[in-house]
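Written out below as structure tokens is the structure these notes cover.
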2 protein chains.
Amino acid sequence: MATHAHHHHEHQGHDLADAAKSALTAAGEQWTDMRADIFAVLATFDKPASAYDIADLVSQKRGKRVAPNSVYRILDLFVSNNLASRVESANAYLANAHPGCLHDCIFLICDSCGSATHIDDDSLTGNVRKAAEAAGFSAVRPVVEVRGTCADCD
Amino acid sequence: MATHAHHHHEHQGHDLADAAKSALTAAGEQWTDMRADIFAVLATFDKPASAYDIADLVSQKRGKRVAPNSVYRILDLFVSNNLASRVESANAYLANAHPGCLHDCIFLICDSCGSATHIDDDSLTGNVRKAAEAAGFSAVRPVVEVRGTCADCD
DNA sequence: CGCCCGACGTTACAACATATCATTTAACAT
DNA sequence: ATGTTAAATGATATGTTGTAACGTCGGGCG
């Protein structure tokens, strides 16, 4: 794997794991071996990873079966703390490249190769929030995803 | 439930079923008893209905087990022809109040009561499409949903 | 009639998610 | 060090959602 291409403020590899650890501990949660392993595996994916995918890989890595429910517990924790996002239209998860920094994420998922790219557009998601609030909704959490075909698969 | 509030151009009840039938036949598809039953059941819901919910109700209605499989097939057909929409964040389906008329729908789903409301905002979804296309995606299908708490549950 | 094709039935299974309770580990006071 | 408590994880079971594969039935058409 290449070493750097440090772009604007995104982490990757060990750097990313460190950032995740910091964000989680800053939130008063523990950074356990299990959590580290699950995060590490999740971070290797460039497409949304299902809890079962992760469970399998972590099981291999540890030489001991890790049950899906353990993975779900930790993924939920990650999502709550912005270390990861759930991609609703894929029933799967992605590591967040900028833990601790919170956005309403927009995901583009390629129906052909399954890869996902992530864009932030706060004005766009802000408008989604506004529209929901105008309709009387509160505590809103936008889910903005786009299914389509990526440039590589075109 | 109130009786009317005929707003701009939405169908309901028998009227809606008729519109659905027209739209489907216009697309060269058949309007069978099974399809009519499934659509009728789907249209009774004011919250996203799972394929299994529908299967159960249609089974009752017909006095004969209808397998989820059959329901999925027909729901897929409905979705393809704009008679219904899939709500990704709920793994469930909603009848479309204006069959034949195509929009990128925005759904607001209440986490408390589960009800869903539907809004159209073509400029908003248009911007989502544009953002995806700017990122090199084609044949895009926006998924814009908002989880939150509705006014009634507030 | 014989053929094809679309719709639906049947069965089986794969994939995703949660509930419940037991066990282990960490934190901390005694 | 040891007991107490709460958090984290393990184990098992089950519930929910979604597909695959193939069989049957009935209508349209040569």
Single hit among Asp121(B), Asn127(B), Thr125(B) for side chain to side chain donor-acceptor pair (under 3.5 Å) with Ser123(B) | Asp121(B)

Please report the distance, rounded to the nearest Å, between [atom1] in [X] and [atom2] in [N].
X        : N       : atom1 : atom2 : answer
Arg86(B) : dT17(D) : CZ    : C1'   : 8 Å
Asp53(B) : dG18(D) : CG    : C1'   : 14 Å
Ile54(A) : dC16(C) : CD1   : P     : 11 Å
Glu88(B) : dT17(D) : CD    : C1'   : 12 Å
Asp76(A) : dT18(C) : CG    : P     : 7 Å
Leu75(B) : dT17(D) : CG    : P     : 13 Å
Asn81(B) : dA7(C)  : CG    : P     : 11 Å

Are Leu42(B) and Leu75(B) close enough that some pair of their side-chain heavy atoms sits under 4.5 Å apart?
-> yes

Going 5' to 3' through nucleotides 23-28 of chain D and flagging B where a protein heavy-atom sits under 4.0 Å of the base, S where only the sugar-phosphate is that close, and - otherwise, we get ------

Sugar-phosphate or base contact per nucleotide [nucleotides 5-16 of chain D; S, B, -; heavy atom under 4.0 Å] | --SSBBBB----

State whether Arg86(B) and Glu88(B) are salt-bridged, where the test is any N-O pair (Lys NZ or Arg NE/NH1/NH2 against Asp/Glu carboxylate O) under 4.0 Å.
-> yes

